Protein chains: 2
Amino acid sequence: MADGPGGETLLFLTDEHLRKGIEAMFFAYRGFTADPDRILEDYGYGRAHHRAIHFIHRTPGTTVNNLLSILGVTKQSLNRVLRTLIEDELVESRVGQRDRRERHLHLTPKGEALEQALSDAQRARMRLAFRSAGPEAVAGFRTVLEAMMDPDLRRHYQSVVERGQ
Amino acid sequence: MADGPGGETLLFLTDEHLRKGIEAMFFAYRGFTADPDRILEDYGYGRAHHRAIHFIHRTPGTTVNNLLSILGVTKQSLNRVLRTLIEDELVESRVGQRDRRERHLHLTPKGEALEQALSDAQRARMRLAFRSAGPEAVAGFRTVLEAMMDPDLRRHYQSVVERGQ
DNA sequence: TGGTAAAGTCAACAACGCTGACTTAAAAAT
DNA sequence: ATTTTTAAGTCAGCGTTGTTGACTTTACCA
């Protein structure tokens, strides 16, 4: 029996368990993105559009630089996506009041509508999964995922948690 | 207090909780892939190569068709990746004994070495996360992820679980 | 023998990452 | 007041990885 240094049984840390965790992440993430992907297809958008829409909805008025640090992509990559969203009138870019170099991003009503559709689909699946797993499993799910994040990204995640409570 | 139809408290199913679950998946998946991505860069490979290597390691001798159904990509997309792996002598393709149309895929020693490096990195992060979260959280994590999978994909995942036990 | 199945290929395209170089406008620093 | 830095945006080009469509080769099977 494999016991850790503290004397507790650490069977859940065997390579076999860790591999299962890895595959669980792989297959679950596929399910996680499947429903929004289908909706985005109709609009000719991809996941990058979804992510931008999601985080603009989450933090309305966010600056481009802030969005860049959350998404972890280059300015050029985000710009390509942002440009189409602004052209299609899903996102509005407002000149900053305090600092006129900044652009503050907001979803238009049309943008909010798509966000709602995407989010509804994703939450529906999450709701089924949460319901069938139960509250304790959900708590564990969140605990493990938080521990898996890079510290820098965890900051962004934490800020949502705090805002939500 | 929001109570469900069964009378139980379903506070963990509020939209706010579901949104947190969604963001947790997003940020955690980034962490999940970060370490292997760094290794792959040195080889000029991408995530598609990693996935192929992973599942060939998992089920040695798998056929191309089987790998296609696990990965959920087109033949043309997988072929591009598989060709470079075979050229680079990380993967070996053997003509089937029973059915000579089939090709059975195996990792070469060189392929196993890269798989090990990638897997070590990914398991190291998973191990830290699992350890800090504890066995109950890990069980919950797995339960929720399984419930999030598409049924078709869950089959592939389950087969690993059974193999491992 | 004729149909089907597994694998592989060619071509073209799209989404979305990247680097590098550069502009414009505005704030900040000297 | 001038210089430097910062925020945003753009152009060009490239790589990975997904797609569709069409087609070939080989082998199994009825």
Side-chain angles (χ1 to χ4, degrees), chain A residues 26 29-30 33-34 36-56 61-88 91-106, chain B residues 26 29-30 33-34 36-56 61-88 91-106:
Chain A
F26 173 72
Y29 200 79
R30 291 260 297 275
T33 56
D37 281 356
R38 269 186 289 272
I39 295 171
L40 291 159
E41 219 175 311
D42 301 338
Y43 289 74
Y45 293 151
R47 267 180 216 177
H49 297 84
H50 184 188
R51 291 195 280 267
I53 288 172
H54 175 99
F55 284 105
I56 294 171
T62 184
T63 63
V64 174
N65 258 350
N66 187 47
L67 195 52
L68 282 175
S69 88
I70 290 171
L71 296 176
V73 297
T74 59
K75 184 176 46 166
Q76 296 90 327
S77 191
L78 175 59
N79 191 256
R80 186 164 35 195
V81 162
L82 222 40
R83 195 173 355 179
T84 71
L85 291 175
I86 290 169
E87 276 169 12
D88 296 351
V91 168
E92 200 190 336
S93 169
R94 302 182 195 154
V95 174
Q97 296 284 309
R98 209 187 58 243
D99 186 333
R100 292 168 39 81
R101 288 172 304 180
E102 293 178 342
R103 297 296 126 91
H104 298 271
L105 304 170
H106 298 264
Chain B
F26 173 72
Y29 200 78
R30 291 260 296 274
T33 56
D37 282 356
R38 269 186 289 273
I39 295 171
L40 291 160
E41 219 174 310
D42 301 338
Y43 289 76
Y45 293 152
R47 269 180 215 176
H49 297 83
H50 184 188
R51 290 194 280 268
I53 288 171
H54 175 98
F55 285 105
I56 294 171
T62 183
T63 63
V64 173
N65 258 351
N66 187 47
L67 195 53
L68 282 175
S69 88
I70 291 172
L71 296 175
V73 298
T74 58
K75 183 176 49 165
Q76 295 89 327
S77 192
L78 175 60
N79 190 257
R80 187 162 35 196
V81 163
L82 222 41
R83 195 170 358 178
T84 70
L85 291 175
I86 291 170
E87 275 168 12
D88 296 351
V91 168
E92 199 191 337
S93 169
R94 301 183 195 154
V95 173
Q97 296 284 308
R98 207 189 58 241
D99 186 335
R100 290 167 42 79
R101 289 172 304 180
E102 293 178 342
R103 296 297 124 90
H104 296 271
L105 304 170
H106 297 264

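Keep in mind that this is a model prediction, so the values were computed, not measured. Protein chains get the first letters and strands the later ones, always in sequence-line order, with residue 1 at the start of each.
Across C/dG8, D/dT10, C/dC16, the shortest atom-to-atom separation from the side chain of B/R103 is found for C/dG8. Between C/dC16, D/dT10, D/dG18, one nucleotide has an atom nearer to the side chain of A/K75 than all others, and that is D/dT10. Closest to the side chain of A/S77, from the set C/dA27, C/dG17, D/dG9, is C/dG17.
Checked by atom type and distance alone, the side chain of A/R30 pairs as donor or acceptor with a backbone atom of B/L71 at under 3.5 Å.
Of the residues A/H104, A/H106, A/E102, the one that meets the side-chain hydrogen bond (donor to acceptor under 3.5 Å, both in side chains) test with A/R94 is A/H106.
Straight-line distance from the CG atom of B/D99 to the P atom of D/dC29: 6 Å, rounded to whole Å. In this structure, A/R83 places its CZ atom 7 Å from C1' of D/dT10, rounding to the nearest Å. In this structure, CG of B/L82 is placed 14 Å from C1' of D/dT17, rounded to the nearest angstrom. Between the P atom of C/dA27 and the CG atom of A/N65 lies a distance of 15 Å, rounded to the nearest Å. One atom, CG of B/L67, and another, P of D/dT17, lie 14 Å apart when rounded to the nearest Å. Between B/R94 atom CZ and D/dT26 atom P the separation is 23 Å, expressed in whole Å. Atom CG in B/N79 sits about 14 Å away from atom P in C/dA11, given to the nearest Å. At whole-Å resolution of the value, CD in B/E102 and C1' in C/dT4 are 14 Å apart.
Scanning atom types as modelled, no donor and acceptor separated by under 3.5 angstrom connect the side chain of B/R101 and the base of D/dT26. Judged by distance alone with a 3.5 Å cut-off, no donor-acceptor contact links the side chain of A/Q76 to the base of D/dG13. A/R80 contributes a side-chain N or O that forms a donor-acceptor pair with the base of C/dG17 under 3.5 Å.
Residue B/T74 has a polar side-chain atom (N or O) positioned under 4.0 Å from OP1 or OP2 of D/dT19. The side chain of B/R51 contributes an N or O atom lying less than 4.0 Å from OP1 or OP2 of D/dG18.
Note on ring orientation: taking the six-membered ring where Trp is involved, the planes of B/Y29 and A/Y29 are parallel (angle under 30°, cut-offs 30° and 60°). Using a 30° and 60° split on the angle between ring planes, A/H49 and A/Y45 fall in the parallel class, below 30°.
Judged by closest nucleotide on DNA chain C, A/G46 is the one of A/R98 and A/G46 placed further toward the 5' end.
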Does A/L82 form a side-chain contact (heavy atoms from CB on, under 4.5 Å) with A/L105? I'd like the steps, not just the answer. CA-CA 10 Å; A/L82 222 40; A/L105 304 170; 3.9 Å; yes
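In this structure, B/G44 reaches the sugar-phosphate backbone alone: every heavy-atom distance under 4.0 Å involves primed, P, OP1 or OP2 atoms, never a base.
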